[in-house]
2 protein chains.
Amino acid sequence: MSSIRYALLSLLAREPLSGYDIKLQMNGRIGPFWKVGSNQVYPELSKMEAEGLVKLQGVEQHTYRPARKLYEVTEAGKEALIRWTVEPGGVENVRDDFLLKAYNAWLVEPEKMKVQVEEIRKLHEERLAAYEEKVEELKRIADPGKTDDPIASSISVVEFGVEYERLYIRWCDNFLKKL
Amino acid sequence: MSSIRYALLSLLAREPLSGYDIKLQMNGRIGPFWKVGSNQVYPELSKMEAEGLVKLQGVEQHTYRPARKLYEVTEAGKEALIRWTVEPGGVENVRDDFLLKAYNAWLVEPEKMKVQVEEIRKLHEERLAAYEEKVEELKRIADPGKTDDPIASSISVVEFGVEYERLYIRWCDNFLKKL
DNA sequence: AGCATCATGTAACTTGTTACATGATTGT
DNA sequence: ACAATCATGTAACAAGTTACATGATGCT
């Protein structure tokens with residue numbers, strides 16, 4: 001059920017990370033999709049540690065700061081992740097307030113709606129640029145030919161993001177024309 | 001904050017509905033995006049009634065069944081909806097388990113991944129067909145020329161769905177090729 | 001006989017969000 | 001001086017899911 005745990009495992013399967021790292025990665029560039037709060041990350045890591053899915057790889061201490069706890073997946077964790085990955089199901093959950101607002105466009109003066117659309121359009125332009133850059137960056141370090149290269153999987157997912165943002169921008173332009 | 005209330009208002013602004021109707025509309029064709037449970041709909045309707053955003057238009061009683069309570073928006077409700085609609089902000093919340101699974105493709109035998117992708121692809125083909133049909137249906141009853149026609153807004157939103165599903169299918173085909 | 005539909009609603013539970021707390025350090 | 005960054009975590013609250021309860025009717 002709770003799939004936040006698999007999000008954490010997916011990241012940890014690639015490299016050891018601290019809870020803070022995970023938060024940054026999920027809320028950063030790739031993460032307009034999938035935000036998490038620290039209240040989810042830290043307790044979930046502890047739980048998974050208790051269940052033997054992850055273990056502490058080490059603790060970095062810089063005297064003045066809280067200790068940085070680096071986690072890595074265990075064999076059991078990797079198996080659990082693989083089991084979940086090939087398990088059927090995985091429908092997306094989309095909740096788009098802007099689209100709901102567009103559904104109400106008929107209630108509002110077109111000029112006011114235009115302001116809204118342009119604001120959102122700008123946001124998606126920014127995301128698009130970030131994703132495109134990310135794809136370039138990943139392609140530079142990818143190892144072509146290897147099918148089990150995590151970078152190849154990353155590229156596919158970020159490319160989805162690129163196409164999604166392009167679609168969103170096209171749709172905004174179309175919507176603006178109709179207003 | 002709670003935007004489920006605006007989803008309900010958006011539907012009620014078009015026609016009076018019962019809680020049950022709202023549930024059907026949201027979980028039906030348009031509603032792979034945005035599912036709601038009865039525990040959300042009924043209490044929220046009561047709350048909004050207490051706040052004067054909606055009011056009972058009438059109660060249909062078919063003797064043997066629970067009374068069917070038809071709600072309609074009040075002026076205050078319509079104003080609240082318009083205020084929310086033109087208010088900035090409205091970033092989408094996407095949580096796509098399948099995309100997360102794709103991110104883990106490198107861990108899994110390609111054959112097993114293919115099964116997964118094909119299953120999801122099929123689901124999106126079905127949705128695409130449903131949305132395309134819906135667009136056709138809406139276009140038949142739309143009143144062209146009128147800018148304040150709710151049907152026009154509906155068409156735009158469902159067309160987003162159409163493009164989204166097409167993108168998803170294209171992406172699946174691409175991903176399959178790479179596996 | 002047994003399940004699906006209509007129609008309301010409640011209860012128990014799991015998730016997710018927002019805000020707070022600590023505390024030295026680096027940048028403006 | 002003040003905010004941001006690093007790094008952990010807790011507490012209070014809001015939202016969402018799953019299951020249940022009622023109860024007549026119509027379909028297979």
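A note on names: the letters A, B, ... follow the listed sequences, proteins ahead of strands, and every chain is numbered from 1.
Using bins of under 30°, 30° to 60° and over 60° for the plane-to-plane angle, the ring pair B:Trp84/B:Tyr6 lands in the parallel bin.
Annotation: A:Phe160 is not in aromatic contact with B:Phe175 [ring centroid separation under 6.0 Å not met].
Checking A:Tyr71 against A:Asp21 by side-chain atom types alone, no donor-acceptor pair falls below 3.5 Å. A:Ser3 and B:Arg95 share no donor-acceptor pair across their side chains, judged by distance under 3.5 Å alone.
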### Message
With salt bridge (Lys or Arg N to Asp or Glu O under 4.0 Å) as the criterion, how do B:Arg121 and B:Glu118 come out once you've worked through the C-alpha distance, each side chain's angles and the decisive distance to 0.1 Å?
### Response
CA-CA 5 Å; B:Arg121 204 202 111 105; B:Glu118 261 147 20; over 6 Å; no
What nitrogen or oxygen pairs link the protein and nucleotides 9-13 of chain D at under 3.5 Å?
residue: D:dG9; atom: OP1; partner: A:Lys69; partner atom: NZ; Å: 2.8
residue: D:dG9; atom: O6; partner: A:Ser38; partner atom: OG; Å: 3.2

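Contacts between residues 8-18 of chain B and DNA chain C, defined by a heavy-atom separation below 4.0 Å, involve B:Ser18, listed by number.
Summarising the geometry, the separation between CG on B:Asn93 and P on C:dT17 is reported as 6 Å, rounded to the nearest angstrom.
Atom CZ of B:Phe98 sits about 5.0 Å away from atom CH2 of B:Trp171, to the nearest 0.5 Å.
A salt bridge links A:Glu132 with A:Arg166: the distance from a Lys NZ or Arg NE/NH1/NH2 to an Asp or Glu carboxylate oxygen falls below 4.0 Å.
No cation-pi contact links A:Arg127 to A:Tyr164, judged by a cut-off of 6.0 Å to the six-membered ring centre and 45° from its axis.
Ranking C:dG16, D:dT8, C:dA7 by closeness to the B:Tyr20 side chain, first place goes to C:dA7.
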